[in-house]
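All residue numbers refer to positions in the sequence shown, counting from 1. What you see is a predicted model, and the numbers here were worked out from it, not measured in a lab. Keep in mind that the numbers below use all heavy atoms, side chains included, and drop hydrogens, waters and symmetry copies.
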Amino acid sequence: MRKLEVAMQSHARVVVVGGGVGGLSALYHLTQEGWTDVVLLERNELTSGTTWHSAAQCPSVAFNQLLLLLRDYTINLYKELAEDAAYPINYHYGTGGMRLLTNPNHVDEVHHIMSVAKGLGINFELLDPVEAKRRNPLLETQGVLAALWDEKDGDIDPAQLCQALAARSRKAGAAIHRNSPVTGLKQLPNGEWLVTNDKGAITAEHIVIAAGYRVNEVGALMGIEYPVIAMEHMYFVTEDIPDLVALDERVPMVRCPRDTFYMRQEKKGLLVGIYEHDCRTFGMDGIDPDFVNALCPDDLDRLLPKMEPIFDRLPCLQEVGIKSVVNGPISYASDAGPLVGKQPGLRNCWSMNGLRVGIGEGGGYGRMLAQMIVHGETEWDTWQLDPRRITSFANTEYTALKSIEDYQHEFRWHLPHEHRPAGRPAKASPLYPVLKAKGAEFGVVNGWERTDFYKPSNDFTESHGYRFQNSHDVVGAEVKALTNNVGLAELSGFNRYRISGTGTLEWLSSLTCSRLSSKNGKASLCYFLTPNGNIAAEATIVPLPSGDIFYGSAATAEYHDMDWLTERLPEGADIRIESCTNTHTMLVVAGPKTRDLLTSVSPRTKWGQQDFPWLTAQRVFIGHVETLALAISYSGEQAFELHIPNSQLYAAYEILTHAGAQFNLTHFGMYAIDSMRLEKGYGHWKGDFVTEYNPIEAGLHRFVDLDKEFPGKKGLQAQMAAGNRKERIILVLDTSEAPAQPGEGVFVNGTSVGSITSAAWGYRTGSNLAMAYVNPEHAVIGSVVDVLLFGKPVQATVCKSCLFDPRNTIPRGIA
């Protein structure tokens, strides 16, 4: 008998919009965190969007720490659900799966993943071709160098999974309303949301949007456009295959980066999914309201160019017919990662969208989102999934270009420093064509084109991989030239706000754990904390003579920091926060002749060390261009940041480069900056300073003032009383073959003691450097640990926290 829907309540702590795996996982995990007054609204039946036609694979292999942890949690949750006798699920746990490796870069990248995973206590195996074929006899292994083995890989019935989550949620007190399309979403003055549909209205403290490929229909109710579109994805199911009929056990899954396909067993046939080059977007011009439990038209012709190598890899496909074809929409965000977390610019609004791998990671998404909503933070640093990482440049057209590109490269992980071309340039300063003509090789930061290094010749093509690449010596030459004379770099997209109003400095001081100088022109580096006392944000704050406050932070922090500040504005205050991120660009001038160069172009300013000391700021003129200059050094050299309006950026650049000829001015990029900042022991936000650690563990003791009150103080004090979980260190690796990579494990006698957060070659010190967090007992200078590179332990030694000019005599001008 069909269960009757209960009457809809008028109030709830949370309303979840969408009844696919994302919405149901969020609902279930909210009840697990103790919030049971929660409601889910689904426009049709549960799982009637993408979830119902999902291939529903559950691998544990992923390409970084967070996704490995989310998938591991998800698998454990599904296993526990499947073993519940009250609501059993058809879950093929532990069938096993393999990723075929057909070139040396593939082998290097899986060694990287195995190092990352082992550091988390997750183990994968590397198989030779003979063993790969033994485990899956359907395979032809010609051209296969090795295969990555995932013993937990499996697949699950998506509808049964969602019904199990729904049943547990209802049992805990949650309400689920099917056939209840949301028709209105309005935020009330007190921050609550009025959620309306044809059955009435619910006032909610929070809303979670988990609307699948209809996300922008829901977004339109709030006046927002999500950087999400859907792609059509096809798989086919074969008739029974005699080899499978003869086997008692299921054959392992296969994924192939070269030929961009996957296969898994479906009863006694195969399910084969292909990521074709001639792919299609879905629903960009609107979606039929009646597209429910529906599919797109079959179009096997699109797959034909891919079929020949797949037939070679799986010869059994040549002898069997196709029983059915599934072609349905899957959501993609503009960088292929999901949008799980706070919706930028809106209070108490949360996103669970762009779930390209919704089944395989859905349990983890629900857990992290529920923890954020209930506790204000989660156990993991989830920035790479945070909706605020993607800003206004990612409109629908851009998202379509990137989604097509990501679809075509579905199983091809990004190599280190690889920035793929679709949608570029999305954002660029006026200097972009000038620097490009000088040989700039650009990377991308928050949509902005930012120089990584300068090519030595027009025909130079950067290589990518896990070993030191052909840019290595080129970057070394940039560092050498800078340290001998003077260098110039453009850092487009640097986040900057102008904050003004009554009591602005006092308000900012009340939010940070750090001391803020009240002296005009004095720069303060400060940190903001989570409720538990971990690092939430980092900023440079400078009071200016005009009464305004300069606030600068990482380029990727544009939306994050705006939300963090605006949500903490005092009631009734006249404080205003104006973003200058898209109207200004920063030039960095660095090297021993920096002050001489600046004196030559700005004679009315006294640029001497006594008149313009380290960590101070002044309004100056570079020629005739008014500029905010900050004496701040991320490189450890004499250096100034010059914050210049984009309308006059080219003029300032021409003035500096023309005058710089007499000082042997050269250009440098981000690779050189990363090298030099590691030699100084400087971390960066969301690379080395993440919400999993507090400022004491991060070695930022001098930026914590426990004599003042600040958000997160009680949490920090509780952590300090319990002792450090990890401590940030600098390692020198005993190899010149390759750098370490973020996420790779640090080991002692084969036991994981920490992980790498960033790494680069230090050209001034001649050292292979890595920053890491390790157990406190291994953070002592001189301690020897191992880093797992290419499957082998490489010895690394804990060194001083700053290897280059530890007393900062160079930027301070001390002889």
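Annotation: His658, atom NE2; neighbour count of heavy atoms from other residues, nucleotides and ligands within 6.0 Å does not exceed 12. Shown here is Lys455, whose NZ atom has more than 12 heavy atoms of other residues, nucleotides or ligands within 6.0 Å. Heavy atoms of other residues, nucleotides or ligands lying less than 6.0 angstrom from CZ of Phe460 number more than 12. The environment of NZ in Lys708 is crowded: more than 12 heavy-atom neighbours from other residues, nucleotides or ligands sit within 6.0 Å.
The side-chain heavy atoms of Glu692 and Tyr773, taken from C-beta on, include no pair separated by under 4.5 Å. You'll find the side chain of Tyr671 reaches within 4.5 Å of the side chain of His417, heavy atoms only. Side-chain atoms of Asp596 and Phe663, non-hydrogen and from C-beta on, do get closer than 4.5 Å to each other. Residues Glu727 and Glu777 are not in side-chain contact: their nearest non-hydrogen atoms beyond the backbone lie 4.5 Å or more apart. Val704 has its side chain within reach of Ile696: a pair of non-hydrogen atoms, C-beta onward, lies under 4.5 Å apart. Counting heavy atoms from C-beta outward, Ile535 and Val690 have side chains that stay 4.5 Å or more apart. Two residues are said to be in side-chain contact when any heavy atoms from C-beta on lie closer than 4.5 Å; Val475 and Asp452 fail this criterion. Annotation: side chain of Asn768 is not in contact with side chain of Glu737 (no heavy-atom distance under 4.5 Å).
A salt bridge links Arg677 with Asp688; the closest basic N to acidic carboxylate O contact falls under 4.0 Å. Under the 4.0 Å criterion applied to side-chain N and carboxylate O atoms, Arg725 and Glu697 are assigned as salt-bridge partners. Taking 4.0 Å as the cut-off between side-chain N and carboxylate O, Glu637 and Arg764 count as a salt-bridged pair.
When all heavy atoms are compared, the tightest approach of Val116 to Pro742 is CG2-O, 4.3 Å. Summarising the geometry of Ala770 relative to Leu733, their closest heavy-atom pair is CB-CD1, 3.8 Å, with the distance given to 0.1 Å. For Ile632 against Ala523, the heavy-atom pair with the smallest separation is CD1-CB, 4.2 Å. When all heavy atoms of Ser492 and Thr585 are compared, the pair lying nearest together is CA-CG2, 4.0 Å. A pairwise comparison of heavy atoms in Ala631 and Pro613 identifies CB-O, 3.3 Å as the closest pair. Minimum heavy-atom separation, Ile541 to Cys526: CD1-SG, 3.4 Å.
You'll find the ring centres of Tyr454 and Phe668 outside the 6.0 Å limit. Note: Trp607 and Phe640 meet the aromatic proximity criterion, with ring centroids under 6.0 Å apart. Two rings, from His643 and Phe550, have their centers less than 6.0 Å apart. The distance between the ring centers of His472 and Phe453 does not fall below 6.0 angstrom.
Of the residues listed (Glu449, Arg450, Glu490), the one engaging Ser429 in a side chain to side chain donor-acceptor pair (under 3.5 Å) is Glu490, and it is the only one.
Using cut-offs of 30° and 60° for the angle between ring planes, the Tyr634 and Tyr682 rings count as parallel. In this pair, Tyr497 and Tyr551 present their aromatic rings parallel. The plane angle is below 30°, not in the 30 to 60° band.
Every residue meeting the side-chain contact (heavy atoms from CB on, under 4.5 Å) condition with Asn485, not counting sequence neighbours, appears here in chain and number order: Lys593, Asn664.
Atoms CZ and SG, on Arg498 and Cys580 in that order, are 4.0 Å from each other to the nearest 0.5 Å.
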